[in-house]
Amino acid sequence: MFRVPLRGGAAVQEEGNHAQGVTRVLTRRTVVMMALVSYSSSEEDEGETSEPPGRRLPPLPPPTTVLRMFQDMEGDEDLDENTKHEGRIRSFKHERGNWATYVYIPFQPQEEFLDLLDELVSVAAENGVLLTKMSEFHISQSQTVVLRHHWINPFVESLKDKLHCMYRFLCIAERIKVYTNQEKTRTFLGLEVSVGMEHLLEVVSEVDRSLQEFNLQTFYQEPSFHVSLAWCVGDKYEKLEGSCLLELQKVIDRFEDSDTLTRFNAEEIRCKAGNKTFCIPLL
């Protein structure tokens, strides 16, 4: 005799040849599969007794409620594989209830800026580095940290409390620069900010205060604020530095209206936690 609880703890108690019951801890998937097998077998037994030979009915499908009990399990188990898009690797392992979170200032470029980016990617390719253009552009104001789901709203409220009185400011990013992530698994081509540094540092200071309230890692001590333009897998720093970097900078300097394309007003600060984005407008 065994007993399978479908909610709460996932355990099975067996009574067999031993005098005492033996308890095994199983995964939720195993519990569900045992429940489905038991359900199907019972239907088959009923069919054998109620139908004459040759006319046995097929087993009924499992109840919808059973199928839905752990419908999130498949997505959670496969999530780590799905994060390796185009070779990108998650910096920390996914755990249920943890949300990757970061704070940034969005940069919405003009259409001509994308033409400039195409030229930069082309020059990099001629120097042996194939870059993938970023799908969106921003200036990071925090590192990527992990928040528990129930911390998200309190964290956003803390940011709003500290940032809602700040004013908009001008940013100019016109110096090409090469970056790598801490793990050296990805390389980025970016435009370093030359105007607006003091305002960005002020924002980071306030964001750091909120991060400290939740015992989370603060931003870099000596940040190089930049807009990431394109990326590739691996450490390609040496290939993009030197003569290639000089050639890339010449593309920007010669590009028509580059002075206006590489400047923008910081009008809001955003916090992205998982698939949720929160906006904090500046005055």
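Atom set for the values below is all heavy atoms of this structure, side chains included, hydrogens, waters and symmetry mates excluded.
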For a quick test of reading the model, state the closest non-hydrogen atom pair linking [X] to [Y] and the distance between them.
X    : Y    : answer
L130 : C232 : O-CB, 3.3 Å
F107 : L261 : CZ-O, 3.8 Å
F137 : L117 : CZ-CD2, 3.8 Å
K177 : S224 : NZ-OG, 3.6 Å
P154 : W151 : CD-O, 3.2 Å
A230 : M134 : N-CG, 3.7 Å

Quiz item: Do F169 and V203 pass the side-chain contact (heavy atoms from CB on, under 4.5 Å) test, and can you show the C-alpha distance, the side-chain angles, and the key distance before you say yes or no?
Solution: CA-CA 11 Å; F169 55 92; V203 173; 4.2 Å; yes

Once rounded to the nearest 0.5 Å, what's the spacing between atom [atom1] of [X] and atom [atom2] of [Y]?
X    : Y    : atom1 : atom2 : value
K272 : C279 : NZ    : SG    : 11.0 Å
S258 : R263 : OG    : CZ    : 10.0 Å
S210 : D161 : OG    : CG    : 8.0 Å
L248 : E241 : CG    : CD    : 10.0 Å

Validation row: [X], [Y] side chains within 4.5 angstrom (heavy atoms):
X    : Y    : result
E247 : E126 : yes
D118 : K133 : yes
L131 : F188 : no
C271 : T101 : yes
I139 : C171 : yes
K239 : C244 : no

Practice problem: Would you check, one step at a time, whether the test side-chain contact (heavy atoms from CB on, under 4.5 Å) holds for F219 with V207? | Solution: CA-CA 9 Å; F219 205 43; V207 173; over 6 Å; no

Quiz prompt | Evaluation steps, side-chain contact (heavy atoms from CB on, under 4.5 Å), between V121 and L189 | solution = CA-CA 9 Å; V121 169; L189 192 65; over 6 Å; no

Practice problem: Scan E206, Q212, E213 and name whichever one has a side-chain hydrogen bond (donor to acceptor under 3.5 Å, both in side chains) with S158. | Solution: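 Per the side-chain hydrogen bond (donor to acceptor under 3.5 Å, both in side chains) rule, the option paired with S158 is E213, out of E206, Q212, E213.
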
More than 12 heavy atoms of other residues, nucleotides or ligands under 6.0 Å from [atom1] of [X]: is that the case?
X    : atom1 : result
E256 : CD    : no
F214 : CZ    : yes
Q108 : CD    : no

Quiz prompt | Whether Q141 side chain and Y102 backbone form a donor-acceptor pair below 3.5 Å | solution =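 No.
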
Is there a chain of hydrophobic side chains (I, L, V, M, F, W, Y, each step under 4.5 Å between heavy atoms) that links [X] to [Y]?
X    : Y    : answer
V227 : L170 : no
I105 : L201 : yes
I176 : I172 : no
I252 : V123 : yes
V156 : Y104 : no

Practice problem: In sequence, state the C-alpha distance, the side-chain angles, and the governing distance for L240 and L245, and then conclude on side-chain contact (heavy atoms from CB on, under 4.5 Å). | Solution: CA-CA 6 Å; L240 289 172; L245 195 64; 5.7 Å; no

Quiz prompt | Chi angles and distances behind the salt bridge (charged side-chain N to carboxylate O under 4.0 Å, His left out) call for R175, E192 | solution = CA-CA 5 Å; R175 291 197 297 256; E192 187 179 31; 3.6 Å; yes

Exercise. Apply ring-ring contact (aromatic ring centres under 6.0 Å, His included) to the pair F113 and F264, showing each step before the final yes or no.
Key: CA-CA 12 Å; F113 182 87; F264 69 98; 9.5 Å; no

